[in-house]
Amino acid sequence: MAAVAKVDADGYPTFRLGKPRFDQSTFFGRYRHFLDVIDPRTLFTTKAGLVQASQLLEDYRNGTLPEGVTNKQLWEAQKIKTAILHPDTGEKIFMPFRMSGFVPFGTPIVVGLLLPNQTMVTTIFWQWLNQTHNACVNYANRNATKPTPVSRFVQGYLGAVTSAVGIAVGLNVLVKKARRFSPTTRMVVQRFIPFPAVATANVFNLILMRNNELREGIEVTDKEGHLVGTSKTAAKHALSETAVSRVVITALVTGLPPAIMLPLQRTAWLQARPRMVIPMHALVCTAAFGFALPIAIALFPQYSEISTSKLEPEIQAATQELTVIYNKGL
C-alpha cells in the first residue's frame with residue numbers, strides 16, 4: 001500500500017520537479033492527475049505567465065528560489081509549463097492540439113458527429129474532421145526523442161479517415177435499407193453509429209502511428225530509471241492498454257449523449273421548446289466529454305510495471321529485478 005504523502009497547510013505535497021503531484025499507483029490519484037493535465041484554464045495563460053512559471057521551475061532546479069515560494073506555486077508552475085510546452089522539444093504546442101484544449105476544441109466535433117438526421121455528406125464531413133483533429137493532437141503530443149518520419153503520421157491519418165468514413169457510411173446505408181426497422185428504431189440505431197466508426201478508426205490510427213514500437217520494441221527500466229533493454233512484449237502491452245483507453249473514451253463520449261438525449265427529447269419541456277434541442281445536445285456532449293476523458297486515460301498508469309518473467313530472455317538476463325517499468329503513452 002502506497003504511503004500517504006505529507007501535505008502543507010494549503011493541501012499540497014512537497015514539490016518534486018518533473019514528478020506528478022498525485023499518487024499514480026491508484027485510479028483516483030491518476031484521475032486527479034489527468035484532471036490537471038486537461039484543465040482548460042491553462043489555455044488562458046499569458047506569455048508572461050508562462051515565462052514566470054518556467055523561471056520559477058528553473059530557480060528551483062538551480063536552488064535559487066526566492067524566499068516565500070510555496071509548494072502550491074511550484075505545482076501550479078509545473079502544471080502550466082507541462083500543459084503548454086512540448087516536453088521533448090520545449091516548443092509551444094498549438095492551443096487546439098494541447099491536451100488541455102482537447103475537450104473545448106473537440107466538443108464541437110463531437111456535437112456534429114452525434115447530430116440526428118445526418119446526411120451522407122454531413123456524416124463524411126464530421127468523421128473526417130474528427131480524425132483530422134485526432135491526428136493533429138497525436139502529432140503535436142508525439143514522443144519527439146527520436147526522429148519520426150512524417151509519412152508514418154500521414155499513413156495513420158489516411159487509414160483512420162478511410163476506416164471511420166467507410167464504417168459510418170456503410171452502417172448508415174445498411175440501417176436505411178433494413179426493412180424490419182421501424183422509423184423510431186432506425187433513428188435510435190443511427191444515433192449510435194458513430195461509436196463503432198470512431199472506435200475502430202482510433203485503434204487503427206494508434207496501430208499505424210505506433211507500429212514501429214511493435215517492430216522495434218520500447219524501452220524498459222528498473223525502479224531507479226536505469227535502462228534495462230528494449231522489449232517488443234512491453235510494446236504490445238503498452239499499445240493494448242492505450243487501445244482499451246481509446247475505446248472506453250469513444251464509448252462514453254459517443255454513447256452517453258444519445259442515451260441521455262433520446263429520453264430528454266420525449267419530455268414535454270423539450271417538445272414545447274424545439275429550439276433548445278441543439279443547445280441541450282451541445283451541453284450534454286460537453287459534459288460527457290469532460291467526464292469521460294480523465295476516466296479513460298486514468299484506467300492504466302502512464303508508467304506501468306510488468307513482470308520480467310513475461311519479457312524476452314535478453315531482458316531477463318539483463319536484470320535481477322522481478323518487475324520493470326515502461327511508458328504506456330497516451
Side-chain angles (χ1 to χ4, degrees), residues 2 18-43 75 78-88 93 95-107 109-110 113 130-131 133-144 156 160 194-195 198-207 209-210 213 218 234-257 285-306 325-330:
K19 301 294 183 181
R21 174 181 157 198
F22 302 103
D23 179 13
Q24 297 299 284
S25 66
T26 68
F27 171 79
F28 186 61
R30 295 193 297 273
Y31 175 75
R32 295 182 70 188
H33 169 70
F34 285 115
L35 281 179
D36 263 359
V37 171
I38 69 169
D39 187 349
R41 290 175 296 179
T42 59
L43 295 172
W75 284 117
Q78 180 161 277
K79 174 180 172 178
I80 288 170
K81 183 179 179 182
T82 302
I84 298 174
L85 301 181
H86 192 287
D88 298 329
I93 300 173
M95 194 179 289
F97 307 146
R98 296 174 193 168
M99 289 306 297
S100 56
F102 200 42
V103 172
F105 288 97
T107 296
I109 300 173
V110 173
L113 278 171
N130 181 53
Q131 292 306 323
H133 182 246
N134 286 344
C136 289
V137 170
N138 287 340
Y139 184 80
N141 295 278
R142 71 194 184 283
N143 184 323
F195 168 63
V198 175
T200 303
N202 285 350
V203 173
F204 197 41
N205 187 312
L206 173 71
I207 295 171
M209 286 194 171
R210 293 176 59 178
E213 296 178 23
I218 59 175
K236 291 177 183 177
H237 280 263
L239 262 68
S240 297
E241 291 171 350
T242 306
V244 169
S245 294
R246 299 281 177 93
V247 171
V248 169
I249 188 174
T250 303
L252 293 174
V253 171
T254 62
L256 285 176
C285 286
T286 303
F289 206 169
F291 168 76
L293 183 59
I295 287 179
I297 55 181
L299 288 175
F300 303 99
Q302 178 74 39
Y303 292 90
S304 297
E305 287 191 32
I306 185 171
I325 298 169
Y326 62 89
N327 183 355
K328 169 183 69 71
L330 287 175

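When the side-chain contact (heavy atoms from CB on, under 4.5 Å) test is applied to I249, the partners found at least two apart in sequence or on another chain are V253, F289, A292, L293, A296. Applying the side-chain contact (heavy atoms from CB on, under 4.5 Å) rule to I207 yields the partners V203; only residues at least two apart in sequence or on another chain are considered. T200 pairs by the side chain to side chain donor-acceptor pair (under 3.5 Å) definition with nothing, not counting sequence neighbours. With sequence neighbours excluded, the residues that form a side-chain contact (heavy atoms from CB on, under 4.5 Å) with L35 are Y31, P294. The side chain to side chain donor-acceptor pair (under 3.5 Å) test applied to T254 returns no partner, not counting sequence neighbours. Taking the side-chain contact (heavy atoms from CB on, under 4.5 Å) definition, one finds that E241 meets it with F300, S304, Y326, K328, sequence neighbours left out. The ring-ring contact (aromatic ring centres under 6.0 Å, His included) test applied to H237 returns no partner, not counting sequence neighbours. Under the side chain to side chain donor-acceptor pair (under 3.5 Å) criterion, Q131 pairs with N202, sequence neighbours left out.
For the pair V103 and P40, the minimum side-chain heavy-atom distance is 4.5 Å or more. Here the side chains of I38 and S100 are not in contact, with every heavy-atom distance at 4.5 Å or above. I218 places none of its side-chain heavy atoms less than 4.5 Å from the side chain of N327. Put simply, the side chain of F105 reaches to within 4.5 Å of the side chain of L43, judged on heavy atoms. A heavy-atom distance below 4.5 Å is found between the side chains of H33 and P20. Under the 4.5 Å side-chain criterion, counting only non-hydrogen atoms from C-beta, D23 is not in contact with F28. V248 places a side-chain heavy atom less than 4.5 Å from the side chain of L299.
Minimum interatomic distance between I297 and S245 (heavy atoms only, all atoms of both residues): CA-OG, 4.5 Å. Taking all atoms of both residues into account, the shortest heavy-atom contact from V198 to L113 is CG2-CD1, 4.2 Å. Residues F291 and L256 share a closest heavy-atom pair of CD2-CD1, 4.0 Å. Considering all non-hydrogen atoms of both residues, F97 and A140 come closest at CB-CB, 3.7 Å.
From I93, atom CD1 reaches atom SG of C136 across 12.5 Å, with rounding to the nearest 0.5 Å. From E305, atom CD reaches atom CD1 of I325 across 5.0 Å, with rounding to the nearest 0.5 Å. In this structure, T42 OG1 and M99 CE are separated by 11.0 Å, a value rounded to the nearest 0.5 Å.
Atom CZ of F27 has more than 12 heavy atoms from other residues, nucleotides or ligands within 6.0 Å.
Note on residues 29-40: pairs passing salt bridge (Lys or Arg N to Asp or Glu O under 4.0 Å), not counting sequence neighbours, are R21-D36, D36-K79, D39-R41, D39-K79.
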